[in-house]
Amino acid sequence: MSPDTLAREMTTLLEYAKQSADDAASLESLQEKIVAAIAERLPSYNWTGFYMLDPDDATMLVLGPFIGAPTPHVRIPISQGICGAAVASGQTIVVDDVNADPRYLSCSISTKSEIVVPVYASGRVVGEIDIDSHNPAAFGDADRVFLEEVARIVGGYIERHFEQV
Ligand code: SME
């Protein structure tokens, strides 16, 4: 996909995510719509999903809506994995070669690179978006900017709909 086409697809996806955040009946349905649309439009995003912090245990991530191969990692302590590292640091993590990263928890042997973007609501990390690609070094600045905007849209939805955050 050319950079121009990628930029167009991302713009379309952000518009769709914003619109969905205005009328989604639940956080889960918003997340389902977003992962389905991303999987359909961005071919190098081979696994797209959300992990959210367990409301009863802030040290644990719980798998939410996703599109891609089933993963054995349905609960990830924030001390483990690239997923845990992103939440613990509060920063986006990009891994060009997952097999060279000792933190990596394998979901599929086809995965070569990964990006994990924290979702913030009311200034606190509440979860994250996790993307795997079968291509090495699949995620650049455009992907980071795009996914951080998706995370802001989801965080905004949480701020508007949940009193506890
Ligand atoms: N690779 C992640 C685990 C989640 S699966 O990729 C879906 C990690 O290292 O935390």
Side-chain angles (χ1 to χ4, degrees), residues 1 6 9-10 13-14 16-17 20 24 26-121 124-155 157-158:
M1 192 178 275
L6 181 64
E9 293 293 347
M10 287 175 172
L13 282 164
L14 288 175
Y16 176 73
S20 301
S26 68
L27 175 60
E28 277 225 328
S29 76
L30 173 61
Q31 291 171 321
E32 281 165 6
K33 285 175 188 211
I34 288 172
V35 296
I38 285 177
E40 193 180 306
R41 288 185 170 267
L42 301 178
S44 62
Y45 287 33
N46 299 112
W47 192 98
T48 301
F50 284 90
Y51 282 92
M52 301 306 286
L53 284 173
D54 183 340
D56 298 321
D57 179 359
T59 68
M60 192 63 76
L61 286 160
V62 182
L63 179 62
F66 71 96
I67 300 276
T71 173
H73 305 294
V74 293
R75 291 176 71 80
I76 302 177
I78 63 168
S79 56
Q80 290 181 24
I82 295 161
C83 285
V87 158
S89 68
Q91 305 282 324
T92 296
I93 297 185
V94 178
V95 179
D96 288 343
D97 175 3
V98 291
N99 294 309
D101 192 318
R103 298 171 297 184
Y104 176 63
L105 299 172
S106 177
C107 164
S108 154
I109 55 158
S110 305
T111 296
K112 300 287 190 296
S113 59
E114 179 163 7
I115 182 169
V116 186
V117 178
V119 174
Y120 280 84
R124 279 188 289 156
V125 178
V126 292
E128 63 192 22
I129 307 170
D130 177 20
I131 318 279
D132 292 350
S133 179
H134 296 172
N135 304 326
F139 305 109
D141 282 348
D143 302 276
R144 172 196 288 264
V145 169
F146 163 65
L147 290 166
E148 288 179 351
E149 185 58 27
V150 173
R152 264 191 290 279
I153 293 167
V154 174
Y157 181 92
I158 294 169

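Remember, it's 1-based here, ligands and their atoms both numbered in the order they're listed.
In this structure, of Val98, Asp132, Leu61, the residue bringing a heavy atom nearest to atom 6 (O) of ligand 1 is Asp132.
In this structure, the side chains of Val74 and Val62 stay at 4.5 Å or more apart for every pair of heavy atoms. Taking the side chain as every heavy atom from C-beta outward, Val87 and Leu61 approach each other to under 4.5 Å.
Inclusion of Gly81 in the set of residues having an N or O under 3.5 Å from an N or O of ligand 1 is not warranted. Residue Gly84 places no N or O, backbone or side chain, under 3.5 Å from any N or O of ligand 1.
Checked by atom type and distance alone, the side chain of His73 pairs as donor or acceptor with a backbone atom of Ser106 at under 3.5 Å. For the pair Ser113 (side chain) and Ala138 (backbone), a donor-acceptor distance under 3.5 Å is present.
If you look at Thr71 next to ligand 1, the close heavy atoms, those under 4.0 Å, all belong to the side chain. With a 4.0 Å cut-off on non-hydrogen atoms, Glu114 touches ligand 1 through its side chain and not its backbone.
Between the side chains of Glu148 and Thr92, at least one donor N or O lies within less than 3.5 Å of an accepting N or O.
At the top of the distance list for atom 8 (C) of ligand 1, counting protein heavy atoms only, stands Ile82 N, 3.3 Å. Protein heavy atom closest to atom 3 (C) of ligand 1, with residue, atom name and distance, is Leu105 O, 3.5 Å. Ranking the protein heavy atoms by distance from atom 5 (S) of ligand 1 puts Cys107 CB, 3.3 Å first.
Contact atoms of ligand 1 toward Trp47: 7 (C) (distance under 4.0 Å to a heavy atom of the residue). Ligand-side atoms of ligand 1 in range of Asp130: 4 (C), 5 (S), 6 (O), 7 (C), range being under 4.0 angstrom from any heavy atom. In summary, the atoms of ligand 1 found under 4.0 Å from a heavy atom of Tyr104, numbered by their order in the structure, are 1 (N), 9 (O). Residue Tyr51 approaches ligand 1 through these ligand atoms, each under 4.0 Å from one of its heavy atoms: 4 (C), 7 (C).
When each of Ile115, Asp130, Val119, Val94 is checked for a side chain to side chain contact (heavy atoms under 4.5 Å, CB included) with Leu147, only Ile115 meets the rule.
Of all the heavy atoms in Ser89 and Ala86, the pair that sits closest is OG-O, 3.4 Å.
Using a 4.0 Å cut-off between charged side-chain N and carboxylate O, Asp132 and Lys112 make no salt bridge.
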